Amino acid sequence: MSSPTSTYSPDLAVPADKRVFGARDLFSLWFSLGIGLMVLQTGALLAPGLGLAHGVLAILLGSAVGVLLLAAVGVIGSDTGLSAMAALKLSLGRHGARLPALLNLLQLVGWGSFEIIVMRDAASLLGARAFGEGSAWTSPVLWTLLFGALATLLAVSGPLTFVRRILRKWGIWLLLAACLWLTWNLFARADLAALWKRAGDGSMPFAVGFDIAIAMPLSWLPLIADYSRFGKSARNVFGGTALGFFIGNAWLMTLGVAYALAFAPDGEANALLLALAGAGLGIPLLLILLDESENAFADIHSAAVSTGILLRLKVEHLALGIGVLCTLIACLAPLAQYQNFLLLIGSVFAPLFGVVLVDHFILRRRGAQASLAAWHGPALLAWLGGVSTYHLLANFYPDVGATLPSLLLAGLLHGVLGFSRRREAARA
């Protein structure tokens with residue numbers, strides 16, 4: 001499939017007449033990206049410590065705050081027409097944006113590989129349930145290659161082809177049907193009233209549950225402008241993104257909490273998957289499993305766009321190479337310890353986008369700079385302060401949560417430094 005994005009360099013703004021995504025397109029995309037097996041399993045993490053009532057409250061509050069920030073960063077893409085990493089040049093400078101682009105590439109290759117592994121393991125489990133252990137349909141290599149090829153094909157085709165020809169026309173309806181079926185199965189089989197009254201065991205503070213919930217939408221901050229730059233208007237981008245991701249993410253995380261408490265109280269991931277597979281002969285879970293390939297698509301495509309900031313190659317060619325790399329990593333590499341490295345990389349992006357939001361909406365008032373400096377010192381200093389705050393809180397005050405405080409502090413610091421610099425320039 002040829003991609004309409006082939007003429008758009010990651011460094012160049014998408015022309016206004018080529019921005020074709022409306023609110024429905026963006027709702028479909030972000031509803032889809034808010035759904036997935038990893039979202040279900042993340043929700044299940046909250047179950048033992050918080051219980052159903054407090055788990056749902058943490059999910060709703062965290063998702064609501066997170067999607068508002070996510071949608072606001074999406075508006076930056078529609079205002080500038082630039083990809084996520086290219087837009088960072090406006091805040092950090094030409095050279096200052098290279099470090100987050102490299103970090104984004106590393107984390108997206110890692111997460112793309114994780115998505116393929118999650119799909120592989122779930123498909124192998126379903127294959128064993130349907131055809132028995134030892135059948136060809138339980139082969140990890142087979143499923144790794146199949147899902148790697150699917151995600152790579154979607155990434156090479158580009159977001160316009162994927163959203164408008166696949167997701168909007170029929171994919172969104174299949175996902176809605178799968179979520180509704182899993183919800184109906186939960187109400188039919190579980191005593192939700194009893195689960196609602198049962199308190200968690202206290203092993204997870206509420207603030208940590210909130211931090212986990214808000215981290216789900218914020219994990220997409222380094223990617224969203226790669227797609228919102230095709231949005232027709234800021235209103236379409238903000239509304240479609242916020243509503244779509246909130247509904248999908250909150251719905252699936254809540255199902256993860258409830259299914260874990262009702263059918264997998266020991267927290268075993270395979271027990272959770274088997275419980276989900278019991279609904280509708282496993283068809284809803286299979287649809288969500290296929291939807292996971294869309295998350296891998298976003299990781300691979302945005303990794304290619306980030307690489308396009310560093311190397312002058314076509315996005316389609318980069319997506320093909322990165323998709324192959326992710327598939328090989330999923331086949332060969334033990335990623336259990338690499339996950340901690342990925343989480344470490346991810347910790348730099350929440351404070352970074354606190355800086356970017358303040359810079360775009362308050363200091364520059366949604367306007368682009370006429371000329372770009374090589375480095376923007378105050379922004380880089382504020383980013384460093386936010387990252388330091390994140391790790392200080394995570395290591396010494398884990399019950400407080402680190403994501404939102406580091407984002408707010410970095411943004412506040414950048415605002416103070418920015419206004420101070422303006423006053424000094426006005427006096428000179």
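What you are looking at is a predicted structure, and each value in this text was computed from that prediction instead of being measured.
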query: Which pair of non-hydrogen atoms, one from Gly148 and one from Thr327, has the smallest distance, and what is that distance?
result: CA-OG1, 3.3 Å

message: I'd like to check Val67 versus Thr241 (side-chain heavy atoms, cut-off strictly below 4.5 Å). Are they in contact?
response: no

query: Within the distance-only criterion (no hydrogens, no angle test), does the side chain of Trp383 pair as donor or acceptor with the backbone N or O of Val348 below 3.5 angstrom?
result: yes

query: When you look at Leu69 and Leu404, which way does the side-chain contact (heavy atoms from CB on, under 4.5 Å) test go after all the steps?
result: CA-CA 10 Å; Leu69 293 169; Leu404 187 59; 4.1 Å; yes

- request: Would you name the heavy atoms of Cys179 and Leu252 that are closest together and state the gap between them?
  value: SG-CD2, 3.4 Å

message: Any heavy-atom pair between the side chains of Thr80 and His360 that's under 4.5 Å?
response: yes

query: Is a side-chain donor-acceptor pair under 3.5 Å present for Tyr227 with Ser302?
result: yes

- prompt: What's the verdict on side-chain contact (heavy atoms from CB on, under 4.5 Å) for Leu352 and Val387, showing C-alpha distance, side-chain angles and the deciding distance?
  reply: CA-CA 8 Å; Leu352 171 61; Val387 173; over 6 Å; no

message: Checking the side chain of Tyr259 only, and the main-chain atoms of Leu182 only, is there a donor and an acceptor separated by less than 3.5 Å?
response: yes

field: Atom of Ser347, atom of Pro351 and distance for their closest heavy-atom approach
entry: O-CD, 3.2 Å

- prompt: At their closest point, which heavy atom of Phe147 faces which heavy atom of Ala123, and how far apart are they?
  reply: CE1-CB, 3.6 Å

task: Supply the atom-to-atom distance Leu218 CG to Leu221 CG, rounded to the nearest 0.5 angstrom.
output: 5.0 Å

- prompt: Trp251 and Thr183: side-chain donor and acceptor closer than 3.5 Å?
  reply: yes

- prompt: Within a strict 4.5 Å, meaning less than it, do heavy atoms of the Leu33 and Asp291 side chains meet?
  reply: no

Between OG1 on residue Thr254 and CG on residue Leu40, distance to nearest 0.5 Å: 10.0 Å

query: In terms of the angle between their ring planes, are His54 and Phe206 parallel, tilted or perpendicular, with boundaries placed at 30° and 60°?
result: perpendicular

- prompt: For the side chain of Thr138 and the backbone of Ser135, is there at least one donor-acceptor N/O pair under 3.5 Å apart?
  reply: yes

statement: So CH2 of Trp220 and CG of Asp299: to nearest 0.5 Å the spacing works out to 5.5 Å

task: Determine whether Ser91 and Leu88 make a side-chain contact, defined as any pair of heavy atoms from C-beta on separated by less than 4.5 Å.
output: no

- prompt: Mind checking whether Val39 and Leu255 have side chains closer than 4.5 Å, heavy atoms only?
  reply: no

- prompt: Does Arg366 offer a backbone N or O that forms a donor-acceptor pair with the side chain of Asp79 under 3.5 Å?
  reply: no

- request: Find out whether Arg229 and Ser78 are in side-chain contact, i.e. whether some heavy atom of one side chain is under 4.5 Å from a heavy atom of the other.
  value: no

- prompt: Judged by modelled atom types alone, do His414 and Asp359 share a side-chain donor-acceptor pair under 3.5 Å?
  reply: yes

query: So, do Arg98 and Leu310 sit near enough that their side-chain heavy atoms are less than 4.5 Å apart?
result: yes

- prompt: Can you name the closest pair of heavy atoms from Gly66 and Pro217 and give their distance?
  reply: CA-CG, 3.5 Å

statement: Between the CZ atom in Phe27 and the CZ atom in Phe245, the distance rounded to the nearest 0.5 Å is 12.5 Å

Check: Glu292 side chain, Leu37 main-chain N or O, donor-acceptor pair, under 3.5 Å: yes

task: Taking Ser406 for its side chain and Tyr390 for its backbone only, find out whether a donor-acceptor pair lies under 3.5 Å.
output: no

- request: Please determine which of Leu328, Ile329, Leu332 meets the side-chain contact (heavy atoms from CB on, under 4.5 Å) test together with Ser113.
  value: Ile329

task: Output yes when a side-chain donor or acceptor of Asp211 lies under 3.5 Å from a complementary backbone atom of Ala207, and no otherwise.
output: no

- prompt: Just by modelled atom types, is the Gly22 backbone N or O under 3.5 Å from a matching donor or acceptor in the Asp25 side chain?
  reply: yes

- prompt: Can you name the closest pair of heavy atoms from Ala101 and Ser306 and give their distance?
  reply: O-CB, 3.9 Å

- request: Please report the C-alpha distance between Ile172 and Arg24 in whole Å, then the side-chain angles of each, then the deciding distance to 0.1 Å, and finally whether the side-chain contact (heavy atoms from CB on, under 4.5 Å) criterion is met.
  value: CA-CA 10 Å; Ile172 186 71; Arg24 180 180 168 188; 5.9 Å; no

statement: Output for pair (Ile288 CD1, Met38 CE), nearest 0.5 Å, gives 14.5 Å

message: Under a 3.5 Å distance rule, please check whether Ser233 uses its side chain to pair with a backbone N or O of Asn236 as donor and acceptor.
response: yes

query: So do Trp30 and Phe246 actually touch side chain to side chain, heavy atoms under 4.5 Å?
result: no

- prompt: Got a donor-acceptor contact below 3.5 angstrom from the Trp375 side chain to the Arg94 backbone?
  reply: no

query: Between Leu243 and Ile247, does a side-chain contact (heavy atoms from CB on, under 4.5 Å) hold up when you go through it step by step?
result: CA-CA 6 Å; Leu243 188 61; Ile247 293 175; 3.8 Å; yes

- prompt: Just wondering, more than 12 heavy atoms not from Arg421 lying within 6.0 Å of its CZ?
  reply: no

- prompt: Quick one: OG1 on Thr403 to CD1 on Ile212, what's the gap to the nearest 0.5 Å?
  reply: 9.5 Å

